[in-house]
Amino acid sequence: MKEKLFDYGYFRPDHFLKYPIVFKAASGSTIEDINGKQYLDLSAIMGAVNCGHNVPSINQRLIQQVDSVWTSNFFATEVQLEAIDKINTILPESMGLAALYSTGAEAIEFALRLARAITGRNRILSFKDHFHGKTLGTMHLVQHFPDCYGPVPDDYRTVIDSDGSDDPALIEGYLDAVPVDDLAAVICEPVVGYSGPRLPHKDFIKTVRKFCDTHGIVMIADEILTGFHRCNGFFCSSQGSVNPDIIVFGKGLGNGFPISGVACAHPLSGHISSALPGSTFAGNSLACAAASGVLEFMEQHDFPAKTRMLETTFQEYFSHPRFDTYGLQIDGQGGLLSLSFRDTSQGQIPQLYLMLLNEGVISSHTQQYLRVSPPLTIDKNEFASGLEIIGKCLDAICAPGNK
Ligand SMILES: Cc1ncc(COP(=O)(O)O)c(C=O)c1O
């Protein structure tokens with residue numbers, strides 16, 4: 001260890017140097033830093049660690065694979081085939097696994113190529129507040145980082161407002177105004193994650209599906225954050241008979257090990273080859289071992305009950321009338337929950353995030369939202385104790401005289 005963190009130069013100045021905490025160990029929902037301070041993890045590290053940190057049975061799968069093959073690229077390994085089979089069993093019946101990657105953004109890029117290959121069209125329609133990654137291609141779909149890139153080629157994307165997400169008629173209106181001639185795909189998050197979490201209107205997915213069906217457009221659901229029980233079941237964009245054409249997933253599949261994937265509807269599978277699937281580490285055997293371990297673990301535990309518990313405990317705790325007088329709002333679904341203030345001008349959320357960190361609670365935040373997305377395996381009492389700390393910090397910020 002170097003003496004001063006700042007000796008690490010320019011690595012992640014936005015975070016690493018701003019919050020100089022160095023993790024040493026983790027288990028379940030607890031993380032310990034090198035000074036022995038314990039943190040309660042209410043972030044699941046960007047919503048990836050759905051099964052909790054350091055799960056013995058998942059570790060075991062990785063340890064076994066470390067002594068075997070790590071990577072095979074054009075060739076297969078047994079553990080890769082096992083992971084593919086397991087992923088296929090949790091997909092909606094109408095879909096199959098088309099490709100594996102390491103990161104979410106890479107998988108989205110493939111989904112975009114696939115949609116273009118299927119339709120022979122170019123443009124992609126996305127929603128203003130929905131997030132899809134930070135490669136140049138995926139950044140053109142989002143509006144979170146307007147300063148990071150220059151003019152966007154108009155033939156590549158169209159972004160529409162999702163302010164109407166509370167009102168499907170408004171979304172329908174926005175959609176109807178979009179020129180569809182060269183439109184290959186619509187991409188959306190079933191629950192807005194990065195700019196929230198916020199739950200859209202219950203008919204949002206159906207509305208997008210209807211628009212895609214009317215015009216022969218591919219519907220891509222980005223379930224990188226919402227998938228693997230984070231919100232509602234393995235994939236919350238799949239609602240009864242309404243299914244997307246492509247589902248993209250990542251994060252929770254590896255429980256912290258980098259692996260992502262893309263599934264597509266069976267009739268579209270003939271286009272997979274021309275969309276150029278694969279990359280050096282795609283389907284990496286260690287990643288597949290982690291994914292197999294995750295899926296086995298998910299089979300053995302009642303994740304739907306866990307996410308219901310998280311949502312109910314969160315809603316009950318913040319239903320205390322004092323939070324309403326603070327102007328607090330809650331949103332989200334399952335294990336992807338948020339706090340925000342009706343009046344966004346005060347900038348309390350970054351302050352709340354820092355206070356929580358000080359109190360030993362790790363969450364994540366934007367200017368407007370505090371995201372509460374713990375490992376889904378967190379114990380009810382542990383979660384409740386974390387909410388108590390959030391409540392106390394909110395009292396200190398919003399009613400400092402009432403101590
Ligand atoms: C909904 C969504 N899509 C895409 C991504 C990008 O995934 P990655 O950071 O693994 O590239 C993220 C990451 O936070 C995400 O939440």
Side-chain angles (χ1 to χ4, degrees), residues 12 14-15 43-50 99-115 124-145 148 157 159 162 165 185-200 204-205 208 219-232 234-238 244 246-263 279-284 287 290-291 294 331-338 362-366 369-373:
R12 288 300 307 269
D14 59 331
H15 201 100
S43 76
I45 312 300
M46 301 302 285
V49 186
N50 289 6
L100 288 171
Y101 286 99
S102 308
T103 67
E106 258 182 303
I108 297 275
E109 293 272 1
F110 173 72
L112 302 181
R113 291 200 299 279
L114 184 56
I124 311 290
L125 175 69
S126 56
F127 292 90
K128 197 174 140 210
D129 295 333
H130 298 210
F131 179 72
H132 305 293
K134 289 192 207 151
T135 57
L136 208 54
T138 56
M139 269 176 72
H140 284 161
L141 300 170
V142 307
Q143 291 206 333
H144 298 75
F145 318 105
C148 288
R157 66 146 193 190
V159 176
S162 68
S165 55
V186 179
I187 185 166
C188 63
E189 284 185 89
V191 175
V192 182
Y194 203 91
S195 307
R198 279 184 293 124
L199 201 52
F204 174 70
I205 290 289
V208 174
M219 176 178 170
I220 305 174
D222 178 347
E223 293 242 26
I224 288 166
L225 180 59
T226 52
F228 295 89
H229 293 290
R230 174 59 53 196
C231 282
N232 184 11
F234 272 107
F235 301 107
C236 61
S237 61
S238 191
I246 297 177
I247 299 182
V248 187
F249 44 89
K251 295 193 193 266
L253 173 60
N255 202 45
F257 207 98
I259 180 165
S260 58
V262 180
S279 74
T280 303
F281 301 124
N284 171 277
V294 165
D331 209 326
Q333 187 182 54
L336 190 62
L337 302 157
S338 73
I362 296 177
S363 59
S364 57
H365 77 99
T366 61
Y369 292 93
L370 188 89
R371 190 195 289 168
V372 176
S373 58

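In what follows, every heavy atom counts, from backbone to side chain, and hydrogens, waters and symmetry copies are set aside. This structure is a prediction, so every number in the text was calculated from the model and none was measured. Start at 1 and go down the list; that is how both ligands and their atoms are numbered.
Side chains of Q333 and P197 form no contact here, defined as non-hydrogen atoms less than 4.5 Å apart. In this structure, I108 and I224 have side chains that are in contact, with non-hydrogen atoms separated by less than 4.5 Å. In this structure, R230 and E223 have side chains that are not in contact, with every pair of non-hydrogen atoms separated by 4.5 Å or more. In this structure, the side chains of H132 and I187 come closer than 4.5 Å at one or more pairs of heavy atoms. Side chains of V294 and L253 form no contact here, defined as non-hydrogen atoms less than 4.5 Å apart. Between I220 and V262 the shortest side-chain heavy-atom distance does not fall below 4.5 Å. Side-chain contact between V186 and F127 is present, with heavy atoms from C-beta onward closer than 4.5 Å.
On a distance-only criterion, Y194 and ligand 1 share no N/O pair closer than 3.5 Å. Not one N or O of L225 is nearer than 3.5 Å to an N or O of ligand 1, by distance alone. Between I108 and ligand 1, not a single N/O pair is under 3.5 Å apart.
The aromatic ring centroids of F235 and F228 lie less than 6.0 Å from each other.
Summary of contacts: the protein heavy atom closest to atom 6 (C) of ligand 1 is G133 CA, 3.8 Å. In this structure, the protein non-hydrogen atom closest to atom 15 (C) of ligand 1 is F131 CD2, 3.6 Å. The protein heavy atom nearest to atom 11 (O) of ligand 1 is A105 N, 2.9 Å. Of the protein's non-hydrogen atoms, the one nearest atom 3 (N) of ligand 1 is D222 OD2, 2.6 Å. Among protein heavy atoms, atom 1 (C) of ligand 1 sits closest to E189 OE1, 3.1 Å. Remark: minimum distance from atom 13 (C) of ligand 1 to any protein heavy atom is reached at K251 NZ, 3.3 Å. Residue, atom and distance of the protein heavy atom nearest to atom 7 (O) of ligand 1 are G104 CA, 3.5 Å.
Against a heavy-atom cut-off of under 4.0 Å, H132 is close to the following atoms of ligand 1: 3 (N), 4 (C).
Contact annotation: for E106 versus ligand 1, there are no heavy atoms closer than 4.0 Å.
Using a 4.0 Å threshold on non-hydrogen atoms, atom 9 (O) of ligand 1 does not count as touching the protein.
Checking side-chain atoms of N50 against main-chain N and O of N255 turns up no donor-acceptor pair under 3.5 Å.
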